[in-house]
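For ligands, and for the atoms within them, numbers begin at 1 and follow the listed sequence. What's counted below: heavy atoms across the whole structure, side chains too, no hydrogens, waters or symmetry copies.
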Amino acid sequence: MGEWRRRVGFSEVTGAVFMLLAALLFVVVAPVRSSAREPWMNKSLSAGQRADLLIRAMTLDEKITMVHGVHPIPVKGYVGYVPANPRLHIPALKLSDGRAGVGNGAKDVTLLPAPIAATASWDTGLLNTYGRVLGEEQWKKGTNVELGPTIDVVRVPEWGRTFESLGEDPYFNGQMAAAEIKGIQSEGPIADANMYLTMNQESNRGKINSVVDERTLQEIYLPPFAAAVSGGDVGTFMCAYVKTNDVYSCENPHVLNGLLKKQIGFEGWVMSDWGATHSTVGSAEGGLDQEMPSDKYYGQALKAAVENGQVSVATLDEHVRRILVTMFRHGLFDKEQTGNWSANARSPKHDLFSRKAAEQGIVLLKNRGDILPLAGVSSLAVIGADGGNKPQVEGTGSSHVVAPYVVSPVEGIRKRAGAGIRVSYADGSNLAQAGSAARAASVVIVFVNTIEGEGHDRPNLELPGNQDQLIAAVARANPKTIVVLNTGGPVLMPWIGHVRGVIEAWYPGQEDGNAIAAILFGDVDPAGKLPLTFPRTAVEIPTSTPEQWPGIDGRSVFSEKLEVGYRWYDATGHKPLFPFGYGMSYTTFRLSHLVVAPTTAGPLPLDVHATVNVTNTGRRAGAEVVEAYIGQPVANGEPPRQLCAFAKVFLKPGETRQVKLSIDPRSFSYYDTAAHHWVSPPGRYTVMVGTSSSDLPLQREVTIESATN
Ligand code: BGC
């Protein structure tokens, strides 16, 4: 710089400054002036009108640029990128993974508990905040398309991405997805519902063919995605790696054009999962709007297909239009996007939320003799690698978040225990040592985990390594043993009869130790409930045959049909270890005075409500989730009961509140494959209300009188 000053004279400097100012003025003023003149920049027009005007101004090359990503990405960060078009004022699309926080190696972001932990709160308000935190951090990082949430129904308990999804019930997943999506989109980014459709396993995921009948598709796998549109107004969808009934999801006209765009009425755009596009013409005709992450099929190949008439200009325009309409609707042309990948997205508020979400998702599964909350304890032994410096706080794969810090269980417990309680630690690698540490303490807390992630399913439902033996050895040494599970899904518990307490803490995120300590010591009442069934044995699961999972000859047959998750246990009479919707509290509750109205209904649309009184009958404040299930007339051929409403209520000791439940109108119907639509046959339907899928003491009948749709 000094050298440059010495060599140039005064007039040259003035000239340079003048040029610089002129250039700056051009940069600042020119686009504003010209954009004001561009008709599609007129905010008083609708998104559709603006997109139509813009498409008219686009060249073929400019249209092609919109329908694929560029790879490698020319800017820092992000996993998908579509460059800006300065001529037409189209902003760049910057896509980033985000399931439990901003992914793709971003620094200075918050690691939230895994999505399955958040949904275990059964609190749509919490999911909405979860989405807002994620959306705010993505926006600060410059992301305008947030790749999440993952909302597929968990069909196979071994699925490697169970931790990343929301649960095993279509209605539940839909409610949670809509709440989270609204939160994300309220902060700026467009959300992305993924992975569409029948993406229920990682094994052979690039080729597997999900063979599924139409009724099951409509009733089990489609509803969360339909709710993402109707309840969440989601802007984009990600089509999946798998095939649905022989055709890859990203070129499947029935799945994309038929179910998603026509039946559900989705008006946004569909992008492919990374590398999930397999063709040019087939995909363009089948309903894929955008290829990610590169231009293999939608670059020059698509341009050539349009030029030689294999793909019509109208088809290309339709894909471009869906992208532009969504961008206009979500304000991407009008909002300033000043975020950048290097920005700090964290805040103390988000750290606090991460902790709260982890606490609210923790599920107390067993508490024999009220060993919890810990009281009058002089010494504690924390055992297990997962309890020390190797805690499993998140899943692996594209959802990975670089945690800003992690509070390990032993750290959190020591901090909370204070000077009065001696806390020892053993990593459990040596069973004899773990046994003597256990013997020396008044109470033992064993931390165990699974490592789950994208790209592979778990080989089975067992805890990996020597963890089952570790628990058994510790419980033999000290019967006052509590097991804390850091898993993304269910595990078998051969030792269950020998331990006093079991807690499912999922993948709890950066606040792991603080959250678990708050539950163990009773600072927070456990109020989480299982969003998944926990089976008793490896074979007593809905998908126990190899034809179902991982599939034979590339086919995974959904022969369990509607009997997914708890529906299978109810239909077959198998008793799970812990049922869907189950979770204990340190206090007790009573449900009473169930009123369902009207008791005679029809024609559609049905508007049935239930009210029920919930009383906290214990001595501590706590929260209860009230769950309602519907039983249809046998002739309808539906599973015995299906979740149709739920609500969470916080109560002080002795307090009673009336909880109102709006019953999902769909619960009074099934999908008629002959008629190709939902029907509500007349008959007696039972509304069952309680606190888990297998504890439903209150019941009322609703008579549906008319079958008209
Ligand atoms: C995953 C997607 C993810 C994408 C980009 C894929 O392998 O299935 O969920 O968004 O990678 O990272």
(message) The criterion is salt bridge (Lys or Arg N to Asp or Glu O under 4.0 Å); which residues satisfy it with D246, sequence neighbours excluded?
(response) none
(message) One thing to verify: whether E359 and K356 come together as a salt bridge, which I'm taking to mean a side-chain N less than 4.0 angstrom from a carboxylate O.
(response) no
(message) Closer than 4.0 angstrom, basic N to acidic O: yes or no for D97 and R99?
(response) yes
(request) For atom NZ of K390, decide whether the heavy atoms of other residues, nucleotides or ligands shown that lie under 6.0 angstrom number more than 12. (result) no
(message) For Y171, does the six-membered ring have the charged nitrogen or CZ of R666 within the cation-pi criterion, i.e. under 6.0 angstrom from the centroid and within 45° of the normal?
(response) no
(message) How close do T236 and D192 get, counting heavy atoms only, and between which atoms?
(response) OG1-OD1, 2.7 Å
Would you mind writing out a table of all protein N or O atoms found under 3.5 Å from any N or O atom of ligand 1, naming both atoms and giving the distance to 0.1 Å?
| from | atom 1 | to | atom 2 | distance (Å) |
| --- | --- | --- | --- | --- |
| ligand 1 | 7 (O) | R205 | NH2 | 3.3 |
| ligand 1 | 7 (O) | Y241 | OH | 2.9 |
| ligand 1 | 7 (O) | E454 | OE2 | 2.7 |
| ligand 1 | 8 (O) | R161 | NH1 | 2.8 |
| ligand 1 | 8 (O) | D273 | OD1 | 3.3 |
| ligand 1 | 8 (O) | D273 | OD2 | 2.7 |
| ligand 1 | 8 (O) | E454 | OE2 | 3.4 |
| ligand 1 | 9 (O) | R99 | NH2 | 2.6 |
| ligand 1 | 9 (O) | R161 | NH2 | 2.8 |
| ligand 1 | 10 (O) | D97 | OD1 | 2.6 |
| ligand 1 | 10 (O) | R99 | NH2 | 3.4 |
| ligand 1 | 12 (O) | D97 | OD2 | 2.5 |

